[in-house]
Each structure stands twice: as C-alpha cells, then as structure tokens.
Amino acid sequence: IPRFDAPARHRLHGVLFAIEPRATANFHEPVYVFPDTKPRQVLVAVRGAEENLALKVRLKASAGWTITPESHDVSLRRKGDENIVAFTVTPPKTKADARVAIELENGGPLAAMSRVTIDYDHIPPQVYHVPASTRFVRDDLRRIGSRIGYIEGSGHDVPEALEQCGYQIVTLSDEYLAISDLAGIDA
C-alpha cells in the first residue's frame with residue numbers, strides 16, 4: 001500500500017508506474033499571438049517514453065498559415081530524453097484564428113499527446129495527457145506605449161501574451177511599488 005510523507009512533501013514510497021504514450025509533444029506557449037504579418041518561431045518539446053525512438057514531427061494548421069520546415073526528424077536515445085525543435089510560422093495577411101496540432105510519426109502515425117505535470121508541495125505529483133494542440137491568433141493590434149506594469153496573480157498567462165504583442169512587462173511587486181513612482185510605465 002503506498003503512503004505519503006507528511007507534512008513536508010508528499011512523496012510516494014514504493015514502486016511508481018506510469019501509463020505513458022510512446023512520445024509526447026508540448027508547445028512552448030498555450031496560445032501564439034501574431035500582432036502583424038512577421039514570422040515567429042514556435043518551439044515544440046518532444047519527449048520519449050521508450051529507448052531508441054525515431055520520430056518525425058510536423059505542425060498541422062489551417063490554410064493561410066505557412067510553417068517551415070515542413071517537418072523535423074528527432075532521435076531520442078533513452079527513455080525520458082527530450083529534444084526541442086523550432087518551426088518558423090508566417091501568419092496570413094488578414095485576421096485569422098487557427099487550432100494547430102502536432103503530428104508525430106514513427107513508421108506510422110502516433111497519437112500526439114502533450115504531457116502535463118502538476119507538482120506542488122501540498123499534493124502528490126500528478127501527470128496527465130491531453131491532445132497536443134495550441135492556437136495561432138492573427139490580429140492587427142495597435143499598440144499604444146511599450147511598457148506595462150503588471151501585478152502577478154496565480155496561474156496567469158497574461159504577461160506572456162502581452163510580451164507576444166511586443167510590450168515590455170514590468171512586474172509590480174510590493175518592493176517595486178514602495179520605491180517607485182511608476183514613471184516610465186505606459187499602462
């Protein structure tokens with residue numbers, strides 16, 4: 001019977017096992033914002049769950065999006081090895097919103113799943129898998145100013161999304177607010 005250490009850290013004593021796909025693939029961002037027609041680099045982390053795995057990695061998007069190269073060949077020698085590949089994505093000239101999927105091949109198609117890990121001090125670590133996808137959003141954004149003050153919240157992806165739009169994010173901590181008059185922050 002498994003048991004956990006308490007209260008310091010929940011560690012499982014005994015044998016751990018996991019049911020994992022042969023390979024997983026994760027996008028670096030949950031959403032990619034294209035504020036103009038400039039190409040962007042999109043990173044994909046590919047992880048193997050078995051030894052000596054040779055994969056072909058592709059991105060599948062709707063018409064209008066250009067992705068280069070067409071594919072990457074990835075070799076993963078040991079179980080748990082990870083390789084990061086980069087694609088250059090050029091958005092369409094007009095507004096567009098696309099659901100983008102990762103395709104994996106190993107002699108035939110593999111179900112492309114992303115690996116999500118939850119690991120906090122107050123609960124046992126958990127791993128689950130979801131379909132490997134993200135969104136590409138192309139919109140004409142008009143930026144006013146360049147520096148945005150941001151007060152952190154839990155689990156927010158807001159700063160990353162604003163950075164994708166070209167803003168510089170200044171985190172407004174208690175210490176920063178105590179010594180600064182917010183000069184130079186546009187919003």
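Any value given below was found using the heavy atoms of this structure, including those in side chains, with hydrogens, waters and symmetry copies removed.
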Say whether [X] and [Y] are linked into one hydrophobic cluster, either directly or through other cluster members, by side-chain heavy-atom distances under 4.5 angstrom.
X: Val44; Y: Leu110; answer: yes
X: Ile123; Y: Val127; answer: no
X: Val31; Y: Phe34; answer: no
X: Met113; Y: Val116; answer: no

Indicate the atoms forming the closest heavy-atom contact of [X] with [Y], along with that distance.
X: Lys93; Y: Thr37; answer: CA-CG2, 3.9 Å
X: Ala23; Y: Leu55; answer: CB-CD1, 3.6 Å
X: Tyr167; Y: Gly145; answer: CE2-O, 3.6 Å
X: Thr24; Y: Pro21; answer: CG2-CG, 3.8 Å
X: Ala98; Y: Trp65; answer: CB-NE1, 3.4 Å
X: Thr90; Y: Pro39; answer: OG1-CB, 3.6 Å

For the atom pair [atom1] ([X]) and [atom2] ([Y]), what is the distance rounded to the nearest 0.5 Å?
X: Ile102; Y: Leu59; atom1: CD1; atom2: CG; value: 6.5 Å
X: Ile169; Y: Leu162; atom1: CD1; atom2: CG; value: 4.5 Å
X: Ser133; Y: Asn26; atom1: OG; atom2: CG; value: 10.5 Å
X: Glu20; Y: Lys79; atom1: CD; atom2: NZ; value: 7.5 Å
X: Arg115; Y: Arg47; atom1: CZ; atom2: CZ; value: 4.0 Å

Check: Thr66 and Val89 side chains under 4.5 Å, non-hydrogen atoms: no

Contact check, side chains of Ser146 and Asp186, non-hydrogen atoms, under 4.5 Å: yes

side-chain contact (heavy atoms from CB on, under 4.5 Å) partners for Thr134, two or more places apart: Phe27, Tyr32, Val100, Phe136

Asp140: side-chain hydrogen bond (donor to acceptor under 3.5 Å, both in side chains) partners, not counting sequence neighbours: Arg138

Evaluation steps, side chain to side chain contact (heavy atoms under 4.5 Å, CB included), between Leu172 and Ile185: CA-CA 10 Å; Leu172 302 177; Ile185 294 179; 3.8 Å; yes

Pairing of Lys95 and Asp139 as salt bridge, 4.0 angstrom limit: yes

Over 12 foreign heavy atoms within 6.0 Å of NE2, His28: no

Side-chain donor-acceptor distances from residues 70-78 under 3.5 Å, at least two apart:
from  : atom 1 : to    : atom 2 : distance (Å)
His72 : NE2    : Ala86 : O      : 2.7
Asp73 : OD1    : Lys56 : NZ     : 2.9

Flag, side chain of Ser114 to backbone of Ala25, donor-acceptor distance under 3.5 Å: yes

Sidechain-backbone polar pair: Asp97 side chain, Val137 backbone, donor-acceptor under 3.5 Å: no

Residue that, paired with Arg22, satisfies salt bridge (Lys or Arg N to Asp or Glu O under 4.0 Å) out of Glu50, Glu51, Glu105: Glu50

